[in-house]
Protein chains: 2
Amino acid sequence: MPLLPPGRPDRVDDVPTATLERLPVYLQVLAGLADQGIRTVSSTDLAEHSGVTSAKLRKDLSLLGSFGTRGVGYDVVYLHGCIADWLGVMQPLDVVVVGVGNLGQALASYQGLSGRGFRIIGLVDIDPSRVGQSLTCGDTTLRIRPLSDLVDVARHAQIGVIATPDSAAQSVCDRLVSAGVRSILTFAPSVLRVPAGVEVRRIDVGVELQILGFRERRQGSPAAWQPGAVSA
Amino acid sequence: MPLLPPGRPDRVDDVPTATLERLPVYLQVLAGLADQGIRTVSSTDLAEHSGVTSAKLRKDLSLLGSFGTRGVGYDVVYLHGCIADWLGVMQPLDVVVVGVGNLGQALASYQGLSGRGFRIIGLVDIDPSRVGQSLTCGDTTLRIRPLSDLVDVARHAQIGVIATPDSAAQSVCDRLVSAGVRSILTFAPSVLRVPAGVEVRRIDVGVELQILGFRERRQGSPAAWQPGAVSA
DNA sequence: TAGATTGTTAATCGATTAACAATC
DNA sequence: TAGATTGTTAATCGATTAACAATC
């Protein structure tokens, strides 16, 4: 069990957003290395596995503290524990998933959540044919609740996940907020309107594909397509 | 049909990554405004709907050209057309989806793709009980092909989507690359190793939740949890 | 000690912001 | 003209990078 060294800690505000968003990736990679029985890793190797430069990796870690040994590298298990501690993975957060279509079911069956400090405590759907069905989430089984139960269920959750069609997203979001949920992950393309203090992260497959697509078209067939060439 | 004004265009490299990643969002919001019959929008309003500042929005657009009218704002349909042109949405790209579990099915049934310049041309799965089944993707129906057909199918695709379990992701990725696919979207948590010239975007729900979770724990109950407090 | 690798610095680079002149 | 809003500038801010002293 890791113990943070008395180097840098606290002053959480000092961790830049860009660093915060990379920490879960390092955690991920370290867990994989530990599974393979690898005991020690250098910043160069860990960085390569994480898809970043070694300078960036060392800079990121240095913001949390000093976890390595010069001339040797990092102890995989120890570093994993330190980052997990820092991110607070040990204190599980409760998640409610709204919309139990294909996407919601994929989330419910996603194994990675419990090991990362999350626990799905509620599944909500508007479709009467789905309400009442049971779904296995990690180590427990949950009954799908009707939309009318949303606020009640959400009162016990810290995080809400919106996996409904786009048309329902804002309304679901409003109800989550009114139930006191202040962290929302949405898969609906709409930009949700929320009061200050509520944090939303949006995953939009269409956006990701368009970014890939732009670069693909650019390098793919430079002659075939140029910005502005397709007009009329 | 929009026609790009002779202002800034070409020199695509000049568009910063951060701007490129916001353009699809503006497109999205503009489409919604057009649906509502709104003809004109100011940078302030469009920015608010998109979740950015108006300065950022105007700066972004100014990198592509000059699409507005001072004192008036932007013509919704015209601006939408200009951005769509710029992103190359008019030239559809072919997508192969590997892994037709809940997540893959959610993608296949996602309506937003065809309108955004994408066409799913192949579904591939390793599970014999799924192979051969038909699935409706937008306006066509596709038969699920066995994994052994992956390379053949991928040869006709510009973009590959990996919706398999994590354990299969790297192997699928390798085959996509060997089939000539240079743009990959993956939902597997692993950081994929690809040769130079191949672009990968990774969507990891666990990472998103951990970022939300960190902030939630921080503001949620400051006394209950501090970085480094959970140790042993 | 010699070799290796961290943690940190300082310089560079890129993105955001506020403010305003241009102009509809 | 008067009011409004764009497009652009210049200043600020934050993130990345290369290099190296510290040190195992």
Side-chain angles (χ1 to χ4, degrees), chain A residues 4-9 11-23 25-26 29-30 33 38-76 78-80 82-83 86 211, chain B residues 4-9 11-23 25-26 29-30 33 38-76 78-80 82-83 86 211:
Chain A
L4 282 180
R8 183 66 45 92
R11 292 311 300 145
V12 174
D13 305 321
D14 290 343
V15 179
T17 307
T19 294
L20 175 59
E21 300 191 347
R22 282 187 295 263
L23 290 177
V25 179
Y26 302 150
V29 172
L30 286 166
L33 294 175
I38 295 170
R39 315 287 287 248
T40 290
V41 70
S42 69
S43 61
T44 308
D45 287 355
L46 180 51
E48 196 178 341
H49 282 96
S50 306
V52 302
T53 65
S54 67
K56 203 184 273 184
L57 173 79
R58 288 201 302 278
K59 179 105 235 228
D60 284 341
L61 295 183
S62 78
L63 295 166
L64 311 195
S66 174
F67 308 117
T69 307
R70 290 169 203 239
V72 178
Y74 301 92
D75 181 288
V76 170
Y78 174 72
L79 181 57
H80 181 278
C82 291
I83 299 177
W86 183 268
I211 294 165
Chain B
L4 283 179
R8 182 65 44 92
R11 291 313 296 146
V12 174
D13 305 321
D14 289 344
V15 179
T17 307
T19 295
L20 174 59
E21 300 191 346
R22 283 187 294 264
L23 290 176
V25 179
Y26 303 150
V29 172
L30 286 165
L33 294 174
I38 294 169
R39 314 287 288 248
T40 288
V41 69
S42 70
S43 61
T44 308
D45 287 355
L46 179 53
E48 196 178 342
H49 283 95
S50 307
V52 300
T53 63
S54 67
K56 204 185 272 186
L57 173 79
R58 289 201 302 278
K59 178 105 235 226
D60 284 341
L61 294 183
S62 78
L63 294 166
L64 311 195
S66 175
F67 308 118
T69 307
R70 288 166 205 243
V72 178
Y74 301 91
D75 181 288
V76 171
Y78 174 72
L79 181 57
H80 180 278
C82 290
I83 298 177
W86 184 269
I211 294 165

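The sequence lines fix the lettering, A, B, ..., with proteins before strands; numbering per chain opens at 1. Just the heavy atoms: all of them, side chains too, but no hydrogens, waters or symmetry mates, feed the values below.
Each of B:K59 and B:S42 was matched to the nucleotide of DNA chain D holding its nearest heavy atom; the match closer to the 5' end belongs to B:S42. Nearer to the 5' terminus of DNA chain D, by closest-nucleotide assignment, is the contact made by A:T19 (compared with the other of A:V72 and A:T19).
One can place CG of B:L64 at 15 Å from C1' of D:dT8, the figure rounded to the nearest angstrom. As rounded to whole Å, 14 Å separates atom C1' of C:dT8 from atom CG of A:L57. Atom CG in A:D60 sits roughly 14 Å away from atom P in C:dT6 (whole-Å rounding). We find that CD of A:E21 is positioned 10 Å from P of D:dT16, with the value rounded to whole Å. One can place CG of B:L20 at 11 Å from P of C:dA15, the figure rounded to the nearest angstrom. In this structure, CZ of A:R58 is placed 15 Å from P of C:dA4, rounded to the nearest angstrom. One can place CG of A:L61 at 14 Å from P of D:dT16, the figure rounded to the nearest angstrom. For A:F67 and C:dT5, the CZ to P distance is 20 Å, given to the nearest whole Å.
Comparing D:dT16, C:dG7, D:dG7 against the side chain of A:A18 picks out D:dT16 as the nearest. When each of D:dT6, C:dC24, D:dA18 is scored by its nearest atom to the side-chain atoms of A:A55, the top-ranked nucleotide is D:dA18. Checking D:dT16, D:dG7, C:dG7 against every side-chain atom of A:S62, the shortest atom distance belongs to C:dG7.
A pairwise comparison of heavy atoms in A:L61 and A:F67 identifies O-CE1, 3.8 Å as the closest pair. Heavy-atom minimum distance, B:T44 versus B:S54: CA-CB, 3.9 Å. Among all heavy-atom pairs drawn from B:L46 and B:V41, the shortest one is N-CG2, 3.7 Å.
The residue B:T17 sits close only to the backbone: its heavy atoms come under 4.0 Å of sugar-phosphate atoms, none of a base. Residue contacts for A:T53: at a heavy-atom cut-off of 4.0 Å it reaches the sugar-phosphate backbone alone, with no base atom in range.
For D:dC24, neither phosphate oxygen OP1 nor OP2 lies less than 4.0 angstrom from any side-chain nitrogen or oxygen of A:T69. Of the side-chain N and O atoms in B:Y74, none sit less than 4.0 angstrom from OP1 or OP2 of C:dC24. In this model, the phosphate group of D:dT5 is not approached by any side-chain N or O of B:S43 to a distance below 4.0 Å at OP1 or OP2.
Below the 3.5 angstrom threshold, one finds a donor paired with an acceptor across the side chain of B:R70 and the base of D:dT6.
Checking C:dT8 for Watson-Crick or G-U wobble geometry (two distances, each under 3.5 Å) identifies D:dA19 as its partner. Remark: D:dG14 base-pairs with C:dC13. Criterion, Watson-Crick or G-U wobble with two distances under 3.5 Å. Across every strand in view, C:dC24 sits in a pair with D:dG3 that passes the Watson-Crick or G-U test at under 3.5 angstrom.
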For this session: Let me see the working for B:I211 and A:L23 under side-chain contact (heavy atoms from CB on, under 4.5 Å), right down to the final yes or no.
Result: CA-CA 9 Å; B:I211 294 165; A:L23 290 177; over 6 Å; no

Problem set entry | side-chain contact (heavy atoms from CB on, under 4.5 Å) evaluation trace for A:H80 with A:Y74 | CA-CA 10 Å; A:H80 181 278; A:Y74 301 92; over 6 Å; no

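Counting only distance, with no hydrogens or angles, the side chain of B:H49 and the backbone of B:D45 share a donor-acceptor pair below 3.5 Å.
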